[in-house]
2 protein chains.
Amino acid sequence: MNALTFESKPAWDTKDWQLLEALQQDARQGYAELGRKVQLSAPAVAERVKRLEEAGVITGYRAAINPKRLGYDIEAMIRLRCDGGTCARVGQLVVGIPEVLDCRRLAGEDSALLRVVAMSIAHLEDVLDRILKIHSSISTTTLIVLQTSHENRPLTLAMRNAAQLTQER
Amino acid sequence: MNALTFESKPAWDTKDWQLLEALQQDARQGYAELGRKVQLSAPAVAERVKRLEEAGVITGYRAAINPKRLGYDIEAMIRLRCDGGTCARVGQLVVGIPEVLDCRRLAGEDSALLRVVAMSIAHLEDVLDRILKIHSSISTTTLIVLQTSHENRPLTLAMRNAAQLTQER
DNA sequence: GCTGAAATATCCTGGTG
DNA sequence: CACCAGGATATTTCAGC
């Protein structure tokens, strides 16, 4: 039983990572085109992608929407502070507020962080009121997003390699 | 010249929204299947989707990845405070740090907010150091993500209708 | 926006190193 | 065990209406 025993699952090789990168950039390209990019046949690509899906690495394929073009001109991050019991259930508590696009529970100064969209300042106020109405222990800090310079940047092989170096030094 | 003049672009109708919802849930389904869901023929679906793409409503199709399954066990939000000139260029300044997945410039208590991933606490420390090295005026608050209860929740027609009510009351 | 045909892509089976 | 090759099936795309 040597070190390789623990590495019996060779994790993901370079081609898997290339497929991940390509699919993060454009999820609708066909297996044939992906195969051209990673130098593999279409069925081989299909098999690898299926493995990545089954392993839970790829969790789905989603269309990216620009909320501004649908009239949601305002995006804001809302920092939440609340008591323990309320925090623990933040997810359930905001599920009824569709303007809340992201919801994360945090360890640190803030209990949770929400990302919300709104069509106007009046609408944002309305959303904030609905959040505050959840529980009296909640207090919020609202920060308007001026610009989103990066969003959902793809995980890349280059990044993984750099991380390896950090681990090893 | 009546009110309808300004509404000459009928914005997006119910079927467009249904297509958007379907594509946010699964970007890989074919036009035929989409057509079945919204009660339209495949070519009609293709044309609407193309219009949504050209209007910038749909900005792309991306595979959703679970960073944990690739060894990135840690996710953190980093609040940034820095001087005006530095803030204005946050996007460019962090572009060289691939662990920074999201970067938003904010109006309010914090100047910017980053979402980062890391493989370990040591790796997170390394990322933080690289961020601090950008400029001496930067100070940070790091918040570890305990749980992501919602991420990129889809924009829905129901939501749009509710917002309309807010505007009108 | 619908129908029908041509081109293309996907999926499945089998075969090879 | 992973990859490639081929044919059956389904999908996209472009005509014409």
Side-chain angles (χ1 to χ4, degrees), chain A residues 1-65 69-70 154-157 160-161, chain B residues 4 7-66 69-71 154 157 160:
Chain A
M1 183 144 156
N2 56 29
L4 280 177
T5 311
F6 298 104
E7 288 290 335
S8 62
K9 306 206 175 199
W12 306 106
D13 67 14
T14 303
K15 290 198 190 298
D16 290 315
W17 273 97
Q18 289 174 333
L19 289 173
L20 282 176
E21 289 184 36
L23 285 170
Q24 284 178 94
Q25 286 173 353
D26 178 8
R28 290 206 97 175
Q29 52 194 322
Y31 294 138
E33 195 175 344
L34 285 168
R36 225 168 292 131
K37 291 184 182 171
V38 307
Q39 216 79 357
L40 233 50
S41 73
V45 170
E47 210 172 315
R48 280 170 182 267
V49 171
K50 193 179 171 189
R51 255 199 300 273
L52 286 163
E53 290 170 353
E54 285 170 353
V57 175
I58 298 175
T59 60
Y61 303 92
R62 306 210 206 122
I65 305 289
R69 295 297 169 94
L70 291 171
L155 284 78
T156 65
L157 179 54
R160 213 235 113 95
N161 290 340
Chain B
L4 279 177
E7 289 289 335
S8 62
K9 307 207 174 198
W12 307 106
D13 67 13
T14 303
K15 289 197 190 298
D16 291 315
W17 273 98
Q18 290 174 332
L19 289 173
L20 282 176
E21 290 184 34
L23 286 170
Q24 285 178 92
Q25 287 172 352
D26 178 9
R28 290 206 99 176
Q29 51 193 322
Y31 295 139
E33 195 175 343
L34 285 168
R36 228 167 288 130
K37 290 185 182 171
V38 307
Q39 216 79 356
L40 234 50
S41 73
V45 170
E47 205 174 320
R48 280 171 182 266
V49 171
K50 194 179 170 190
R51 254 199 298 274
L52 286 163
E53 289 170 353
E54 284 170 353
V57 175
I58 297 176
T59 60
Y61 303 91
R62 304 209 209 124
I65 304 290
N66 183 352
R69 294 297 169 96
L70 291 171
L157 179 54
R160 212 235 115 93

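What you see below is based on every heavy atom in this structure, not just the backbone, and it leaves out hydrogens, waters and symmetry mates.
The CZ atom of Arg69(A) sits 12.5 Å away from atom CD1 of Ile58(B), with the distance rounded to the nearest 0.5 Å. Atom OH of Tyr61(A) sits about 13.5 Å away from atom CD of Gln29(B), to the nearest 0.5 Å. To the nearest 0.5 angstrom, Asn66(B) atom CG is 12.0 Å from Leu52(A) atom CG. In this structure, CZ on Arg28(B) lies 15.0 Å from CZ on Arg62(A), to the nearest 0.5 angstrom. For the atom pair Leu19(B) CG and Arg51(B) CZ, the distance stands at 10.5 Å (nearest 0.5 Å). To the nearest 0.5 Å, the span separating CH2 on Trp17(A) from CD on Gln24(A) amounts to 8.0 Å.
Panel note: side chain Glu21(B), backbone Leu157(B); a donor-acceptor pair is recorded below 3.5 Å.
In this structure, Lys37(A) places its NZ atom where more than 12 heavy-atom neighbours from other residues, nucleotides or ligands lie under 6.0 Å away.
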List the steps, then state whether side-chain contact (heavy atoms from CB on, under 4.5 Å) holds for Ile65(B) with Leu23(A).
CA-CA 10 Å; Ile65(B) 304 290; Leu23(A) 285 170; over 6 Å; no

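Straight-line distance from the CZ atom of Arg48(B) to the P atom of dT12(D): 17 Å, rounded to whole Å. If you measure from atom NZ of Lys50(A) to atom P of dT10(C), you get 16 Å, rounded to the nearest angstrom.
The heavy-atom pair separating Leu40(A) from Lys15(A) by the smallest distance is CD1-CD, 3.4 Å.
Remark: Gly30(A), Tyr31(A), Ala32(A) in residues 26-37 of chain A come within less than 4.0 Å of DNA chain C through at least one heavy atom.
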When you compare the protein's N or O atoms with those of nucleotides 15-17 of chain C, which come within less than 3.5 Å of each other, and at what distance?
none

Dump every N/O contact between nucleotides 4-7 of chain D and the protein below 3.5 Å, one line per pair.
from: dC4(D); atom 1: OP2; to: Ser41(A); atom 2: N; distance (Å): 3.1
from: dC4(D); atom 1: OP2; to: Ser41(A); atom 2: OG; distance (Å): 3.1

